[in-house]
Every structure is written in structure tokens, then in C-alpha cells.
K.L.:
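This structure is in C-alpha cells; I'll ask about it shortly.
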Amino acid sequence: MEEKMSGIVLGGISFGENDKILKIFTLEQGVVSAKIKGVKKAGAKLKFASEPFCFAEFIFSKRGDLRTVIGASLIESFYPVREDISKYFCAGAIVEFIKKFYREDIVSPETFFTVVSALKSIAYGDIGAKASLVNFFVSALKISGFALSFNGCSKCEGEIDGRIFFDYRSGAFYCEKCFDGTGREVSILTYKALQKAEKGVLEENDEGTLKALKLIEYYLEMRADENLNSLKELIKISG
């Protein structure tokens, strides 16, 4: 039996002397695992299809639950992410997020197209890699049921014009009067950057971009008990 699916390679592990087992995030069936043969040989025809971030139309041979890649047509390689360390870690954070939040066979076309758009923006866009990553997280967290709330104070519903506090349990922001002590204070720059990201207008030179990534890292760790190594490294090299 053969299957044809559009997918993005999340990564792979070596199998035997020349083969790999890939994790591929597909439009049609979510994350799937598949063997790809001979790709560690010099000049292997399908070598490109085993590279992380490769976006291709894959043809699989399937026997039971076992898939093997037997063909692939490249759609986009997002090659610039391999030439810039910041772009590489931004793209890596997206891949890690999908690996940890989307187990096999969880189908989400909305997330798939969000990933494609984010990788394209990181590789080729004008707004900057880190801003593209913040935009991705704001959208992806909402789709995944971990939405952040930016509509003023989540308790009194008033505009926050003084100190701002973030509660990781709910992903909500509170004014000083309504904050119950669980979470931490954040800067107005962080809050404004996340609001811009929700509207898709955040740019790299915004002072709050890195601060927003730090808050997202904190939120993922505290709320979902997940650490994204690429995000940690990105924050580290960005100062």
C-alpha cells in the first residue's frame, strides 16, 4: 500500500549503517514515523528528504503500522535557517514544540500551516527570526489549548496601566490589585510585544521581543512542564 502526504521533517535517528528513522509532521495524519533507506550514502537520491525542516510531498510504502519513504518531491528546504545560528535555533524551537505537543496521529491542519508560515518567515521574512518565533508561539499555543490572554486584567477586565503580573496557571495577565501572588511580574515591553505578536505585527527590533521569548520559555516550563532546548540556546546567545 502506498500513501502520499505533505510533511515537514522534524528530525531523525540513524538506523543501521545507512538508513534513518524520520519523524515527519504531515498535513494529513499529523506526526508519523518512517524509515528512509540509504540516505547516509554519498549522493543518495533522497538525502534531501531526510534533512530537518525539509518540506516535501512524501510517498510512503506502508505495511501494517510500518512506513518507508520511497519517494519525495521537494516543496521548500528553508535553506537560510542553516546559514544563520539565530534562525537555526528559532526553527529548531518550532520543531521541538511540535515534537512535544503533537503526539503521533494528532491531526491539525491549522498548526501545520502555522508551522509552514513561521519557517518561511524565519528563513526569508523581513520582520526577523525571533519576532517570527514569538508570532508562531502566540498562534500555536492558542491552537494547542494553552492560549495567552492579552485583553487587560483577566480579573477586573480593566486596562493595565501600572505594574503587570503574569499567572502561568491561566496564561493571563493581571493588574497589581488583582494579582494573587502566583506567577511573576513582567515588564510593559513584554506585554506589548505579545500583544503585537497576537496581531502579527511584532518586529525584530522591538525591545520586547527577547523578553517575550523569555516569558514563553517560563510559561512552557511552568504550565506544560516542557523545556525546549533550542529556545534556551536562542535566549542564551541573544543575551
Side-chain angles (χ1 to χ4, degrees), residues 30 89-90 93-103 106-115 117-118 121-122 127-236 238-239:
F89 282 132
C90 286
I94 290 174
V95 162
E96 283 189 62
F97 180 86
I98 298 302
K99 283 181 178 178
K100 294 191 175 186
F101 283 81
Y102 287 83
R103 308 307 180 191
I106 297 177
V107 180
S108 176
E110 187 177 6
T111 301
F112 183 86
F113 289 117
T114 299
V115 170
S117 178
S121 183
I122 289 167
I127 68 170
K130 289 190 285 292
S132 299
L133 182 58
V134 177
N135 291 342
F136 165 78
F137 275 129
V138 169
S139 297
L141 286 168
K142 183 177 181 179
I143 298 167
S144 305
F146 292 90
L148 298 169
S149 174
F150 311 109
N151 299 317
C153 176
S154 286
K155 186 172 183 180
C156 70
E157 299 183 349
E159 287 295 324
I160 306 176
D161 55 9
R163 298 172 70 188
I164 303 173
F165 296 85
F166 177 69
D167 183 350
Y168 64 81
R169 298 169 303 180
S170 60
F173 294 85
Y174 294 88
C175 66
E176 185 175 7
K177 181 180 177 182
C178 296
F179 182 56
D180 69 1
T182 301
R184 70 185 194 188
E185 185 172 3
V186 301
S187 74
I188 185 66
L189 292 174
T190 305
Y191 184 64
K192 293 294 185 184
L194 288 166
Q195 285 184 317
K196 291 176 185 176
E198 185 181 34
K199 298 172 184 175
V201 296
L202 180 65
E203 296 189 1
E204 190 86 352
N205 60 3
D206 190 292
E207 293 180 85
T209 299
L210 183 58
K211 293 179 184 293
L213 286 173
K214 289 178 179 179
L215 183 70
I216 289 166
E217 179 193 30
Y218 165 76
Y219 180 52
L220 291 172
E221 184 175 347
M222 298 301 292
R223 174 79 186 275
D225 195 28
E226 294 288 2
N227 289 293
L228 305 184
N229 292 329
S230 293
L231 180 57
K232 286 186 179 295
E233 290 302 315
L234 175 66
I235 290 170
K236 190 183 297 183
S238 301

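Because only heavy atoms are used, hydrogens play no part in the values below, and waters and symmetry mates are left out as well, while side chains stay in. Here the structure is a predicted model, which means the values were calculated and not measured.
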K.L.:
What I'd like to find out is whether the side chain of Leu194 reaches to under 4.5 Å of the side chain of Ile216, using heavy atoms alone.
P.N.:
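Contact flag for Leu194/Ile216 side chains = yes.
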K.L.:
Which heavy atom in Val107 sits nearest to a heavy atom in Gly30, and how many Å separate them?
P.N.:
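Smallest heavy-atom distance, with atoms named: CG2-N, 3.9 Å.
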K.L.:
Ring centroid separation for Tyr219 and Phe137, is it under 6.0 angstrom?
P.N.:
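Ring centres of Phe137 and Tyr219 not closer than 6.0 Å.
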K.L.:
List the atom of Ala131, the atom of Thr209, and the distance in Å for their closest heavy-atom pair.
P.N.:
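Smallest heavy-atom distance, with atoms named: N-CG2, 3.8 Å.
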K.L.:
Of all the heavy-atom pairs spanning Ile143 and Ser108, show the shortest one and how long it is.
P.N.:
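Reported closest heavy-atom pair: CG2-OG, 3.9 Å.
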K.L.:
Flag the pair Ser121 / Asn135 as yes when at least one side-chain heavy-atom distance between them is below 4.5 Å, and no otherwise.
P.N.:
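No - every pair of side-chain heavy atoms lies 4.5 Å or more apart.
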K.L.:
Enumerate the residue pairs fulfilling salt bridge (Lys or Arg N to Asp or Glu O under 4.0 Å) with a member in residues 166-181, sequence neighbours excluded, ordered by first and then second residue.
P.N.:
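Checked against salt bridge (Lys or Arg N to Asp or Glu O under 4.0 Å) - neighbours excluded - the pairs reaching residues 166-181 are Arg163-Glu176, Asp167-Arg169, Arg169-Asp180.
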K.L.:
Side chains of Leu202 and Ile127: closer than 4.5 Å at any heavy-atom pair?
P.N.:
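The answer is no; the side chains never approach within 4.5 Å.
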K.L.:
Answer yes when Lys99 and Glu96 have at least one side-chain N-carboxylate O distance shorter than 4.0 Å, and no when they do not.
P.N.:
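Looking at Glu96 together with Lys99, the answer is no, because their closest N to O distance does not fall below 4.0 Å.
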K.L.:
Atom CD1 of Ile160 and atom CD1 of Ile188: how far apart are they, to the nearest 0.5 Å?
P.N.:
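Rounded to the nearest 0.5 Å, the CD1-CD1 separation comes out at 8.0 Å.
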K.L.:
Return the CG to CD distance between Leu148 and Gln195, rounded to the nearest 0.5 Å.
P.N.:
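Leu148 CG to Gln195 CD: 11.5 Å, rounded to 0.5 Å.
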K.L.:
For Val186, which residues count as a side-chain contact (heavy atoms from CB on, under 4.5 Å) partner, sequence neighbours excluded?
P.N.:
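Checked Val186 against side-chain contact (heavy atoms from CB on, under 4.5 Å); matches are Ile164, Phe166, Phe173, Thr190, Leu215.
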K.L.:
I want to check something: taking the side chain as every heavy atom from C-beta on, are Lys232 and Glu221 in contact at a cut-off of under 4.5 Å?
P.N.:
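Lys232 reaches Glu221 side chain to side chain.
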K.L.:
Can you find a pair of side-chain heavy atoms, one from Ile122 and one from Ile94, that are under 4.5 Å apart?
P.N.:
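In contact.
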K.L.:
Is the shortest side-chain heavy-atom distance between Phe150 and Val138 below 4.5 Å?
P.N.:
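In short, these two side chains touch, coming nearer than 4.5 Å.
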K.L.:
Would Lys236 and Glu233 satisfy salt bridge (charged side-chain N to carboxylate O under 4.0 Å, His left out), going step by step from the backbone distance to the final call?
P.N.:
CA-CA 5 Å; Lys236 190 183 297 183; Glu233 290 302 315; 3.4 Å; yes
K.L.:
Please report the interatomic distance CG(Asp206) to CD(Glu204), rounded to the nearest 0.5 Å.
P.N.:
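Taking CG in Asp206 and CD in Glu204, the distance rounds to 10.0 Å.
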K.L.:
Specify the closest pair of heavy atoms between Tyr168 and Gly183, including all atoms of both residues, with the distance to one decimal.
P.N.:
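Nearest pair, atom of Tyr168 first, then Gly183: CD2-CA, 4.1 Å.
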K.L.:
Could you check whether any side-chain N or O of Ser117 sits under 3.5 Å from a backbone N or O of Phe113, counting only pairs where one atom can act as donor and the other as acceptor?
P.N.:
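Answer holds: no.
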K.L.:
Side chain to side chain contact (heavy atoms under 4.5 Å, CB included), that's the test. Do Leu234 and Leu228 meet it? Break it down for me.
P.N.:
CA-CA 10 Å; Leu234 175 66; Leu228 305 184; over 6 Å; no
K.L.:
Does Tyr218 have Arg184 sitting over its ring (NZ/CZ under 6.0 Å from centre, angle to axis within 45°)?
P.N.:
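Positive - Arg184 is close enough to the ring of Tyr218 and near enough to its axis.
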K.L.:
For the NZ atom of Lys192 and the CG atom of Leu189, what is their distance to the nearest 0.5 Å?
P.N.:
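That separation rounds to 10.0 Å.
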K.L.:
Looking only at non-hydrogen atoms, find the nearest pair between Ser144 and Phe97 and report the distance.
P.N.:
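It is OG-CZ, 3.8 Å.
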K.L.:
Check whether any side-chain heavy atom of Leu220 lies under 4.5 Å from a side-chain heavy atom of Asn227, and answer yes or no.
P.N.:
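Heavy-atom side-chain distance check fails, nothing below 4.5 Å.
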K.L.:
Under 4.5 Å between any side-chain heavy atoms of Cys156 and Cys175, yes or no?
P.N.:
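Sidechains of Cys175 and Cys156: in contact.
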K.L.:
Calculate, to the nearest 0.5 Å, the distance between atoms CD and CD1 belonging to Glu217 and Ile235 respectively.
P.N.:
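Reported to 0.5 Å precision, the distance equals 4.0 Å.
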